[in-house]
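Bear in mind the structure is a predicted one, so any value in this text is a computation, not a measurement. Because only heavy atoms are used, hydrogens play no part in the values below, and waters and symmetry mates are left out as well, while side chains stay in.
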Amino acid sequence: MKLDEYLNKRNLIFAAEFLLLVISAAAVYVVTENVKMAAISAVFMFGVCVLTFALYRLDDKYISGVTDDLSKLCDNLITLEEKIIFPENEDTILSKLQNKILKLVKILKKKNETSKQEHENIKSLVSDISHQLKTPIANLKMYSEFLKDDGIDEAQRKEYTDIIRLSVDRLNFLSESMIKISRLESGLIHLQPEVQNLHETVMISIKDVFAKAKAKGIEITYTGENIDVFHDRRWTAEAVFNLLDNAVKYSQGKSEISVCVKRFGMFASVEVSDENAPIPEEEQSRIFSRFYRGKNSRNSEGIGIGLYLSREIAVKQGGYMNLKASDKGNSFSIVLLCR
């Protein structure tokens with residue numbers, strides 16, 4: 001029932017009660033023909049009316065006070081403040097409502113802070129990528145003009161061609177990074193899992209990173225079991241590739257990266273281990289965060305979404321990611337549920 005309807009009905013009841021008391025007083029006089037008795041009855045009934053009216057006024061004041069306090073409580077949601085309106089130590093509906101609203105305020109404040117931080121990260125990222133685009137574009141323009149000169153020798157021509165190739169690779173990396181960011185921002189990661197061989201999926205990732213590893217003198221070793229897992233091959237291969245690409249990127253030459261596919265219980269894991277410097281313990285809880293780059297990665301190309309993307313792919317398939325860091329290196333695992 002709405003408040004206005006409640007007040008209108010209450011006023012009608014009060015008017016009916018007053019009319020009934022007047023009629024009752026008149027009835028007493030008619031029946032007893034005793035003026036004194038009728039007067040006493042009238043005074044008593046008038047007192048009941050006054051008491052009822054006073055209770056109604058107190059009711060109005062209480063309702064107005066509660067309504068005003070509820071309005072102030074709702075202001076907490078607008079201003080995202082945590083003001084205490086009702087006593088917290090009382091087991092009342094209003095105190096419980098206040099508790100839920102204050103929890104909601106905390107959640108909204110946290111989401112606002114996260115959204116603001118992500119917005120700043122994206123602004124910084126766009127600025128960083130824009131800055132990184134300038135050098136390869138400038139190189140392409142400059143060295144393509146140099147190649148037009150018929151007077152350059154073969155050694156110079158090869159040098160300029162190599163620089164152009166590196167610039168194209170750099171542009172390709174940046175464009176792929178922007179595509180990944182766009183997918184993350186627009187929620188375009190749509191998985192279509194089916195039961196298929198995990199070994200074949202991992203081999204796709206190894207083939208994609210093999211040339212880059214070979215160029216740095218890095219050996220990739222593989223041991224695995226033929227396990228059928230319910231997963232999306234394309235996106236899972238992307239997740240494993242990100243782990244391998246990071247391992248190659250931060251590895252020194254003449255090192256080894258091992259890939260292992262194994263099953264334990266109801267789960268299957270893809271473990272990528274490197275011989276790099278261990279990730280510091282204080283960074284391990286943040287390493288899968290979006291746009292996060294550790295101290296050891298500041299001098300390497302990247303924008304900090306590879307591990308985040310891999311974890312999202314694993315989670316969307318009912319799995320998770322794990323990191324083990326030791327003096328021997330780092331091991332990243334993608335764990336998926338066998339079905």
Side-chain heavy-atom pair [X], [Y] within 4.5 angstrom cut-off:
{"X": "Ile257", "Y": "Glu219", "answer": "no"}
{"X": "Asp208", "Y": "Ser205", "answer": "no"}
{"X": "Thr221", "Y": "Glu256", "answer": "yes"}
{"X": "Lys262", "Y": "Ser269", "answer": "yes"}
{"X": "Asn322", "Y": "Ile334", "answer": "no"}
{"X": "Leu243", "Y": "Met321", "answer": "yes"}
{"X": "Val335", "Y": "Phe264", "answer": "yes"}
{"X": "Cys338", "Y": "Ile227", "answer": "yes"}

(message) Looking at Lys207, I want to see if its NZ is surrounded by more than 12 non-hydrogen atoms of other residues, nucleotides or ligands under 6.0 Å.
(response) no
(request) Could you tell me whether Tyr222 atom OH has more than 12 heavy atoms of other residues or ligands within 6.0 Å of it? (result)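 Counting other residues, nucleotides and ligands, OH of Tyr222 exceeds 12 neighbours.
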Non-hydrogen atoms of [X] and [Y] that approach each other most closely:
{"X": "Met266", "Y": "Leu337", "result": "O-CD1, 3.3 Å"}
{"X": "Gly151", "Y": "Asp149", "result": "N-OD1, 2.9 Å"}
{"X": "Arg263", "Y": "Gly265", "result": "NE-O, 3.3 Å"}
{"X": "Lys216", "Y": "Val248", "result": "NZ-O, 2.9 Å"}
{"X": "Asn139", "Y": "Ser167", "result": "CB-OG, 3.3 Å"}

(request) Give a yes or no on whether a salt bridge exists between Glu145 and Lys148, defined as a side-chain N under 4.0 angstrom from a carboxylate O. (result)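 A salt bridge links Glu145 with Lys148.
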(request) Flag the pair Asp162 and Lys158 as a salt bridge only when some basic side-chain nitrogen lies within less than 4.0 angstrom of an acidic carboxylate oxygen. (result)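 Lys158 and Asp162: salt-bridged.
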(request) Mark yes or no for whether Asn242, through its side chain, and Leu307, through its backbone, hold a donor-acceptor pair below 3.5 Å. (result) no
Are [Y] and [X] co-members of a hydrophobic cluster defined by side-chain heavy atoms under 4.5 Å apart?
{"X": "Leu336", "Y": "Val315", "answer": "no"}
{"X": "Val168", "Y": "Leu147", "answer": "yes"}
{"X": "Leu171", "Y": "Ile163", "answer": "yes"}
{"X": "Val229", "Y": "Ile204", "answer": "no"}
{"X": "Phe210", "Y": "Val272", "answer": "no"}

If you measure from [atom1] on [X] to [atom2] on [Y], what distance do you get to the nearest 0.5 Å?
{"X": "Thr79", "Y": "Lys72", "atom1": "OG1", "atom2": "NZ", "value": "13.0 Å"}
{"X": "Lys109", "Y": "Lys106", "atom1": "NZ", "atom2": "NZ", "value": "8.5 Å"}
{"X": "Ser310", "Y": "Trp235", "atom1": "OG", "atom2": "CH2", "value": "10.5 Å"}
{"X": "Lys328", "Y": "Asp274", "atom1": "NZ", "atom2": "CG", "value": "13.5 Å"}
{"X": "Gln98", "Y": "Thr92", "atom1": "CD", "atom2": "OG1", "value": "8.5 Å"}
{"X": "Asn226", "Y": "Glu200", "atom1": "CG", "atom2": "CD", "value": "7.5 Å"}

(message) I need the single residue from Arg233, Arg234, Glu238 that forms a side-chain hydrogen bond (donor to acceptor under 3.5 Å, both in side chains) with Thr201. Which is it?
(response) Arg233
(message) Checking side-chain hydrogen bond (donor to acceptor under 3.5 Å, both in side chains) between Thr236 and each of His231, Gln317, Gln196, which is the one that passes?
(response) Gln317
(request) Dump the intermediate steps for side-chain contact (heavy atoms from CB on, under 4.5 Å) on Glu271 and Ser273, then the final yes or no. (result) CA-CA 6 Å; Glu271 185 177 51; Ser273 303; 3.8 Å; yes
(request) Kindly write out the residues that satisfy ring pair (Phe, Tyr, Trp, His ring centres under 6.0 Å) with Phe146, not counting sequence neighbours, or none if the list is empty. (result)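 For Phe146, the residues satisfying ring pair (Phe, Tyr, Trp, His ring centres under 6.0 Å) (neighbours in sequence not counted) are Tyr143, Tyr160.
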(message) Is it the case that the side chains of Ser251 and Asn276 hold a donor-acceptor pair, with the cut-off being a distance below 3.5 Å and no angle test?
(response) yes
(request) Before giving the answer on side-chain contact (heavy atoms from CB on, under 4.5 Å), spell out for Lys111 and Thr114 the whole-Å C-alpha distance, their side-chain angles and the decisive distance to 0.1 Å. (result) CA-CA 5 Å; Lys111 285 186 176 293; Thr114 303; 5.6 Å; no
(request) Give the intermediate values and the outcome of side-chain contact (heavy atoms from CB on, under 4.5 Å) for residues Asn99 and Lys103. (result) CA-CA 6 Å; Asn99 186 44; Lys103 285 183 179 179; 3.7 Å; yes
